[in-house]
Number of protein chains: 2
Amino acid sequence: MKKDPDRAKLAFERPLVSVDVAIFSVLEGELRVLLARRPEGEGEPHPGRWSLPGGFVDVHRDASLQACALRKLKEKTGVASPYLEQLGSWGDAKRDPRGWSSTHAYFALIPAPAPAEAGTAVAEWVQADEAVRRRLAFDHGEILAAAVERLRGKVEYTSLPAFLLPEPFTLPELQHAYEIVLARPLDKSAFRKRMLDAGFLEDAGPVSGASGRTAMGYRVRERARPAVFPRTFRSGE
Amino acid sequence: MKKDPDRAKLAFERPLVSVDVAIFSVLEGELRVLLARRPEGEGEPHPGRWSLPGGFVDVHRDASLQACALRKLKEKTGVASPYLEQLGSWGDAKRDPRGWSSTHAYFALIPAPAPAEAGTAVAEWVQADEAVRRRLAFDHGEILAAAVERLRGKVEYTSLPAFLLPEPFTLPELQHAYEIVLARPLDKSAFRKRMLDAGFLEDAGPVSGASGRTAMGYRVRERARPAVFPRTFRSGE
DNA sequence: GCAATAGTGTCTATCAGACAATATTGA
DNA sequence: TCAATATTGTCTGATAGACACTATTGC
């Protein structure tokens, strides 16, 4: 057994391998996620249903799982440098009618795309909770629910919403992004103390708004990792 | 098989798919991880090197990724109901010389196994940091480092060490487990307040130790999910 | 009694949140 | 000047950690 050549040992059935990405952004004061419509072709599972953007790993084009996720994201949104984090993997014999399949799920945060891209026949930005309630293809409903839960959970103690905004942004804008994701208001003073003490922002010069006092603009220091706060918001309640 | 279009569409090369598990326990006052020796057969990559326990998904035996991870764990340790959590996935064209491969990594926490199982020719319980320093097969060094980092990180604000102990356990025993993983002493009073206030423990009757006062024994209420504390240990320092 | 361990009480520095006050801009 | 927004200051309740104290067990 052990001395069989490579080819004999590897001659077993392999699962299908795909990558799916939950892409979030803030549009029109809402947390939204990008959904893609499944193709209608013959033999396609769940034709016409909404799903997360994604697809099979192409072993000749994709150098790695992350590269594959970035490729999907670039194809769908044009964004090349999002905040991208692994969410988890889902794999079993039944989730895809075409055979044993496993998918590597990612979630990405990007600044608001241009309004023109907000909705087409094959892709649509949908409010996050509404998207979870839709009957998505495969087990994408479960995956998306996990993504939303992870995002909301981490927003309680990390700087993730900074990746949802175009830079430079002001502290009131950042607070607004937090409030949209968490769906509750935050105290201005406590919020500012927390953000500035965490030290993950760098000055980017003053920014004038439509009216009122000019605010300081900020950029995130390190785009790869979010800051982690030692406590969650509203720990006492 | 299905119709022609299916077969044509799915006739592309598929990656190899495996599952690897970082299995942790506390033995002799140390945080240890189980390593397995790679087989020596011809065509085997990294023959004789230490690695994480794991292997290819068997699409006929494994109903899901999690079932596959549980199977590996049962084979290596006999443990059927560990704390098991997805760690992440690693996949690229180069990590396995046999071809484009992706692995789904899990980490498991189990109570100390019987001493007889502590080390054999093909498996060994190695102190966690020492294991990270060893030159493991494939990219298992990177995966194990991520597992240790995740474990240490989560121990700061979750009840994970409770899964490293046989039940029932006492609060001093639990504190000791925390101190072993974190490699620093914790204050007894603050520790007890935190554990009991979190409400994840249930009484299991008194337990007499080797000497001194009898202590209260505890079990975890819910074995599937750890408790999450609102703050990390030593937030101020 | 003593040693050893389990468990509790008290004090204090810290700090997140509440909310009031002040600063800056454009009209 | 006012309206609108940004930014800062002050107070206070909650609490984690430090550390001393008390409780229980076996010998």
Side-chain angles (χ1 to χ4, degrees), chain A residues 29 155-159 162 165 168-180 182-219 227-237, chain B residues 29 155-159 162 165 168-180 182-219 227-237:
Chain A
V155 165
E156 295 279 357
Y157 62 94
T158 67
S159 64
L165 298 174
F169 50 81
T170 68
L171 283 181
E173 284 167 354
L174 183 57
Q175 181 173 353
H176 192 213
Y178 270 87
E179 292 173 338
I180 287 169
L182 294 176
R184 71 169 192 262
L186 297 175
D187 179 80
K188 188 168 45 166
S189 174
F191 180 82
R192 295 172 135 284
K193 266 185 283 185
R194 173 177 287 219
M195 294 303 136
L196 294 176
D197 288 355
F200 70 97
L201 295 172
E202 62 183 14
D203 284 19
V207 174
S208 312
S211 75
R213 177 173 169 178
T214 298
M216 178 61 72
Y218 296 94
R219 263 190 299 271
V228 177
F229 311 129
R231 304 192 187 181
T232 65
F233 280 110
R234 289 265 183 108
S235 60
E237 181 170 335
Chain B
V155 165
E156 297 278 357
Y157 62 94
T158 68
S159 64
L165 298 175
F169 51 81
T170 67
L171 282 183
E173 284 168 353
L174 183 58
Q175 182 173 350
H176 192 213
Y178 270 87
E179 292 173 337
I180 287 169
L182 293 176
R184 70 169 192 262
L186 297 175
D187 178 79
K188 185 170 50 165
S189 176
F191 180 83
R192 296 173 71 86
K193 266 185 285 185
R194 172 177 287 219
M195 294 303 134
L196 295 176
D197 288 355
F200 71 98
L201 296 173
E202 62 183 15
D203 283 21
V207 174
S208 310
S211 76
R213 176 173 170 177
T214 297
M216 177 61 72
Y218 295 94
R219 262 190 299 272
V228 178
F229 312 129
R231 303 192 187 182
T232 66
F233 280 110
R234 291 269 182 103
S235 59
E237 180 172 336

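Here is how names work: the chains are called A, B, and so on, in the same order as the sequence lines, proteins then strands, and each is numbered from 1.
- Here the C1' atom of nucleotide D/dT8 and the CD atom of A/Gln175 are 14 Å apart, to the nearest Å.
- With contacts defined as side-chain heavy-atom distances shorter than 4.5 Å, the pair B/His176/B/Pro172 does not qualify.
- Axis angle between the ends of the helix from C/dG1-D/dC27 to C/dA27-D/dT1, five pairs each and rounded to 10 degrees, works out to 10°.
- Remark: B/Tyr157 pairs with no residue by the ring pair (Phe, Tyr, Trp, His ring centres under 6.0 Å) rule, at least two apart or across chains.
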Could you list all N or O pairs between the protein and nucleotides 1-4 of chain D that sit under 3.5 Å apart?
{"unit_1": "D/dA4", "atom_1": "O3'", "unit_2": "A/Ser211", "atom_2": "OG", "d": "3.4"}

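- Against DNA chain C, the stretch residues 187-197 of chain A makes heavy-atom approaches under 4.0 Å through A/Asp187, A/Ser189, A/Ala190, A/Lys193.
- Rounded to an integer number of Å, the gap from B/His176 NE2 to C/dG7 C1' is 19 Å.
- Atom P of nucleotide C/dT8 and atom CE of B/Met216 are separated by 10 Å, given to the nearest angstrom.
- The CG atom of A/Leu186 sits 17 Å away from the C1' atom of D/dT7 (whole-angstrom rounding).
- Following rounding to the nearest Å, B/Phe233 (CZ) and D/dA18 (P) show an atom-to-atom distance of 12 Å.
- In this structure, the side chain of B/Gln175 engages the main chain of B/Leu186 through a donor-acceptor pair within 3.5 Å.
- For the pair B/Tyr178 OH and D/dA16 P, the computed distance is 14 Å after rounding to whole Å.
- We find that CD of B/Glu156 is positioned 14 Å from C1' of D/dG17, with the value rounded to whole Å.
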**Asked** Run the ring-ring contact (aromatic ring centres under 6.0 Å, His included) check on B/Phe169 and B/Tyr218 step by step: do they pass?
**Response** CA-CA 5 Å; B/Phe169 51 81; B/Tyr218 295 94; 7.2 Å; no
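- A heavy atom lying under 4.0 Å from DNA chain D marks none of the residues of residues 198-210 of chain B.
- Remark: side-chain polar atoms of B/Ser159 are not paired, donor with acceptor, to backbone N or O of B/Ala162 under 3.5 angstrom.
- B/Glu156 and B/Arg184 are joined by a salt bridge, as a carboxylate oxygen and a charged side-chain nitrogen come within less than 4.0 angstrom of each other.
- By the 6.0 Å and 45° rule, A/Arg194 stacks over the aromatic ring of A/Phe233.
- The side-chain heavy atoms of B/Met216 and B/Leu171, taken from C-beta on, include no pair separated by under 4.5 Å.
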Between side-chain atoms of residues 195-215 of chain B and protein atoms elsewhere (two or more places apart, or another chain), which donor-acceptor pairs fall under 3.5 Å?
none

